[in-house]
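Below, each value reflects all heavy atoms present in this structure, side chains not excepted, and no hydrogens, waters or symmetry copies. By convention here, the first residue in the shown sequence is residue 1.
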Amino acid sequence: MVKNGHLPPSPSSLPEVPFARGEGAAFGVEVLALEELRSRELDHSIFRAHRIEFHVLVVATGGSGWHMVDFVQHPLRRGTLTHIAPGQVQRYDGESDVAGFLVLFLPEVCALEAPHVRWPPCFSPAGADFELVESLVQLMFGLKARRLSTPPDRIAWQMLGAVLELCDGAVARHLVREGATRSAEFEAFDALLEREFPRRRELAWYARELGYSERTLSRWSRRVAGVSAKTHIDRRVGLEAKRLLVHTDRSVEGIAARLGFSESTNFVKFFKRVEGTTPSAFRRSYAGGR
């Protein structure tokens, strides 16, 4: 059974980290300093791969390092923002001296749903944009130590909307500088894909659900993602397969079943076509690198 667009847990799945509604996070928002995160005693190591069930925005204010999101190490330095969405696999750099903040928030906070926050994993806003985001996040963090009549985390919850709006505008300008584009229609397709990919891989089904032709869907996909809609679907399934191959001990047969393939041989053919290698060879290439 698929819950909220993500695969259900299994005995051999990679650690899935929920949002902890502890003290100072009752409203579904928490701001941490990176130094504070490193000193926390957690039930799992944040320096190994794990999947999150909430959003994380990493605001780097100094130092240097990296942050791994779905097999890609993104550089961190002052002025970079890194976004990790629910369901993605991440790993923190245990050797870096990066300073900054983490903004953790649930998808439903401020009436947001996860597909509405569709940003690149790592982007560098213009200086003025970053400084505004940095100032707001520093203020949100500073509220934690204040004795206020209104709970600080409630104020942070109210401020989060401004942070996300600033980031969304910064992303739009970043994409313009990169020659890329955005499309509400493509984002609707991407959101539906995120929910249904473990069960649906047919382009025709997505086109019918969205009320568009396959050709129109592919035109939007090429404009935004640079590939056809069918290739975009296959890449999403392939990404989940890679996550399960590298970060779990599930068998190839078990992964095939988990991703809706009736026969493991069909999954192997699919994976080789999309990724250029077999599932077993891909897993071996990452052995020891979890």
Side-chain angles (χ1 to χ4, degrees), residues 1-22 25 28-30 32 34 37-38 40-58 66-74 76 81-94 102-109 112-122 190-199 233 235-252 254-260 267 271 275 279 282-283 285-290:
M1 176 181 177
V2 177
K3 183 179 180 182
N4 298 328
H6 303 306
L7 297 170
S10 69
S12 57
S13 65
L14 67 157
E16 302 218 8
V17 181
F19 186 87
R21 287 184 180 270
V29 179
E30 185 173 13
L32 303 172
L34 278 167
L37 182 72
R38 295 186 188 105
R40 280 190 167 191
E41 292 184 3
L42 302 175
D43 294 334
H44 69 284
S45 172
I46 61 171
F47 306 119
R48 299 190 67 185
H50 56 281
R51 194 197 300 262
I52 58 173
E53 297 179 359
F54 48 91
H55 289 276
V56 173
L57 180 65
V58 184
W66 54 263
H67 195 98
M68 188 278 283
V69 184
D70 281 333
F71 303 97
V72 178
Q73 287 189 359
H74 299 281
L76 296 183
L81 300 177
T82 303
H83 173 239
I84 307 96
Q88 289 191 297
V89 174
Q90 67 166 344
R91 180 158 60 92
Y92 290 85
D93 177 5
L102 300 174
V103 183
L104 286 57
F105 59 98
L106 291 169
E108 60 267 28
V109 169
L112 289 170
E113 295 182 0
H116 295 167
V117 185
R118 310 296 291 183
W119 302 332
C122 188
D190 212 27
L192 181 62
L193 174 62
E194 189 64 25
R195 293 195 300 271
E196 299 293 337
F197 76 86
R199 296 175 293 193
I233 293 168
R235 284 183 176 179
R236 181 62 187 90
V237 177
L239 171 60
E240 198 67 33
K242 291 191 292 185
R243 288 172 174 171
L244 295 170
L245 284 164
V246 173
H247 301 305
T248 81
D249 296 322
R250 271 188 170 269
S251 66
V252 170
I255 293 172
R258 196 169 172 82
L259 293 176
F267 167 65
F271 191 89
E275 303 297 337
F282 182 83
R283 171 173 271 170
S285 71
Y286 276 87
R290 293 185 186 179

Hey, could you give me the [atom1]/[atom2] distance between [X] and [Y], rounded to the nearest 0.5 Å?
| X | Y | atom1 | atom2 | value |
| --- | --- | --- | --- | --- |
| Glu53 | Leu106 | CD | CG | 9.5 Å |
| Leu81 | Leu76 | CG | CG | 10.0 Å |
| Leu104 | Leu32 | CG | CG | 5.5 Å |
| Arg91 | Asp93 | CZ | CG | 8.5 Å |
| Arg236 | Glu194 | CZ | CD | 4.0 Å |
| Arg283 | Ser251 | CZ | OG | 7.5 Å |

Considering non-hydrogen atoms only, spot the tightest contact between [X] and [Y] and give its length.
| X | Y | answer |
| --- | --- | --- |
| Val103 | Phe105 | O-CD2, 3.9 Å |
| Lys242 | Glu275 | NZ-OE1, 3.6 Å |
| Cys122 | Thr82 | SG-OG1, 3.7 Å |
| Phe267 | Ile255 | CZ-CG2, 3.9 Å |
| His83 | Ala85 | CE1-CB, 3.9 Å |
| Tyr92 | Leu102 | OH-CD1, 3.6 Å |

Any side-chain donor near an acceptor of the partner, Gln73 and His67, under 3.5 Å: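 His67 and Gln73 do not have a side-chain donor-acceptor pair below 3.5 Å.
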Got [X] and [Y] here, is their nearest side-chain heavy-atom distance under 4.5 Å?
| X | Y | result |
| --- | --- | --- |
| Glu240 | Val237 | no |
| Ile233 | Glu196 | no |
| Arg51 | His247 | no |
| Phe271 | Leu259 | no |
| Gln90 | Val58 | no |

Residues which pass side-chain contact (heavy atoms from CB on, under 4.5 Å) with Pro121, listed by chain and number, not counting sequence neighbours: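 Pro121 satisfies side-chain contact (heavy atoms from CB on, under 4.5 Å) with His74 once adjacent residues are dropped.
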Parallel, tilted or perpendicular: ring planes of Phe282 versus Phe71, cut at 30 and 60 degrees: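 Perpendicular.
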Stepwise side-chain contact (heavy atoms from CB on, under 4.5 Å) test for Leu239 and Phe197: CA-CA 11 Å; Leu239 171 60; Phe197 76 86; over 6 Å; no
